[in-house]
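As structure tokens, the structure follows; a few thoughts come after it.
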Amino acid sequence: MASGIALEASRVPAMCAASRAVILRTMSSTTEGRPRGLVRHLPNALTCLRLAAIPVFVWLLATSDDGQSVAAAIVFGIAAVTDWLDGRLARRYGVQSRFGRLVDPLADRILIGSALVLLWYHDRVPLWAVVLIFARDLVLISGLAAAADRGYELSVIYLGKAATFVLMAALWLIMVTPPSADWPLVMLYVGIGLSLTAGIVYLITVPRAVRAARGGEGPSRAS
């Protein structure tokens, strides 16, 4: 059922290898308003950079005391910034790709999920928060796999992006504050609420779009 996603996942190493050198190249070079060959790969290169940063982040946070680590927070923050930057560049240069639409949110889920599990391990976040986020992601990934097999491509909505931003900000704050600080958890709970709401919107939108695609309107995307 997940053949579409599996095919794209198999291309991730090749795409990352091809775009690795783009990080070292200038972003401003264009020809008649259109990006040059290397520039158009920059969003995917940033996504690959975020994936590469995750093992470093995991090691730093896992070996920290009580889940407080400025070093882990710096790596996490840089990875979070690439999430914003790759989408902005893709829209600016008009180089959105199927690879980016699938792998970019997947990298976000892995980054956030890793942070949640490790902060739970350090007794910084409650177990129910981890379970809710993982359950939400599991449902959406399953739905995306089923929809992709029927010609539907899921587009990120602004509510989902807002939820991701709030979750990342909350997790970053938890990493840089001592265990006695409870106020970052308030932001985390707000992010979880936004994330669940966005998930409900997806669950309502996707079946409707799939029915429209099966009705002969061709592949569709959420607005």
Side-chain angles (χ1 to χ4, degrees), residues 2 4-17 19-20 23 43-64 67 69 71-87 90 97-122 124-125 127-145 147-148 153-157 159-175 188 191-192 194-196 198-199 202:
I5 292 180
L7 178 61
E8 292 299 324
S10 68
R11 298 174 181 169
V12 171
M15 289 290 293
C16 289
S19 57
R20 185 179 304 158
I23 297 295
N44 288 342
L46 290 172
T47 299
C48 292
L49 177 64
R50 185 158 71 259
L51 285 170
I54 291 175
V56 179
F57 161 72
V58 168
W59 180 78
L60 289 171
L61 190 57
T63 56
S64 66
S69 172
I74 290 174
V75 176
F76 184 87
I78 292 173
V81 169
T82 66
D83 175 45
W84 169 82
L85 187 58
D86 60 13
S97 65
R98 182 176 175 84
F99 174 88
R101 285 194 295 270
L102 290 176
V103 180
D104 179 66
L106 178 62
D108 292 342
R109 292 355 290 175
I110 296 175
L111 180 63
I112 291 174
S114 300
L116 281 169
V117 169
L118 290 171
L119 289 173
W120 166 76
Y121 170 78
H122 287 296
R124 298 296 305 275
V125 301
L127 179 61
W128 64 262
V130 181
V131 172
L132 277 180
I133 291 297
F134 272 82
R136 180 257 191 193
D137 290 345
L138 180 62
V139 170
L140 287 184
I141 290 173
S142 300
L144 174 59
E153 293 183 1
L154 186 64
S155 296
V156 177
I157 62 174
L159 181 59
K161 295 297 289 184
T164 298
F165 172 80
V166 175
L167 283 174
M168 286 183 171
L171 293 169
W172 186 88
L173 287 171
I174 294 173
M175 290 177 222
L188 177 66
I192 292 174
L194 291 174
S195 183
L196 293 177
Y202 282 131

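Quick note: residue numbers are just sequence positions, from 1.
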CA sep, side-chain torsions, deciding dist, call: Ile133, Leu167, side-chain contact (heavy atoms from CB on, under 4.5 Å): CA-CA 10 Å; Ile133 291 297; Leu167 283 174; 4.1 Å; yes
Verdict with supporting geometry, Thr47 and Thr82, side-chain contact (heavy atoms from CB on, under 4.5 Å): CA-CA 7 Å; Thr47 299; Thr82 66; over 6 Å; no
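Among residues at least two apart or in separate chains, salt bridge (Lys or Arg N to Asp or Glu O under 4.0 Å) pairs with a member in residues 46-55 are Arg50-Asp83, Arg50-Asp86, Arg50-Asp104, Arg50-Asp108. Note on residues 129-139: pairs passing salt bridge (Lys or Arg N to Asp or Glu O under 4.0 Å), not counting sequence neighbours, are Arg109-Asp137.
The OG atom of Ser64 sits 8.0 Å away from the CG atom of Leu119 when rounded to the nearest 0.5 Å. To the nearest 0.5 Å, atoms CZ (Phe76) and CG (Leu111) are separated by 4.5 Å. Between Trp128 atom CH2 and Leu132 atom CG the span is 6.5 Å, to the nearest 0.5 Å. Rounding to the nearest 0.5 Å gives a distance of 11.5 Å between CG of Leu194 and CZ of Phe165. Atom CG of residue Leu188 and atom CG of residue Leu116 lie 6.5 Å apart, to the nearest 0.5 angstrom. Between the NE2 atom of His122 and the CD1 atom of Ile174 there is a distance of 12.5 Å, given to the nearest 0.5 Å.
The side chain to side chain contact (heavy atoms under 4.5 Å, CB included) test applied to Ala80 returns Met168, not counting sequence neighbours. Take Val117 and apply the side chain to side chain contact (heavy atoms under 4.5 Å, CB included) test, not counting sequence neighbours, and it matches Val130, Phe134. The side chain to side chain contact (heavy atoms under 4.5 Å, CB included) search around Ala73 returns Trp172, Met175, Val176, not counting sequence neighbours. For Val56, the side chain to side chain contact (heavy atoms under 4.5 Å, CB included) test picks out Leu60, Val75, with sequence neighbours left out.
Under a 3.5 Å cut-off, the side chain of Ser114 and the backbone N or O of Ile110 do form a donor-acceptor pair.
Between Gly67 and Leu61, the shortest heavy-atom contact is O-CD1, 3.8 Å.
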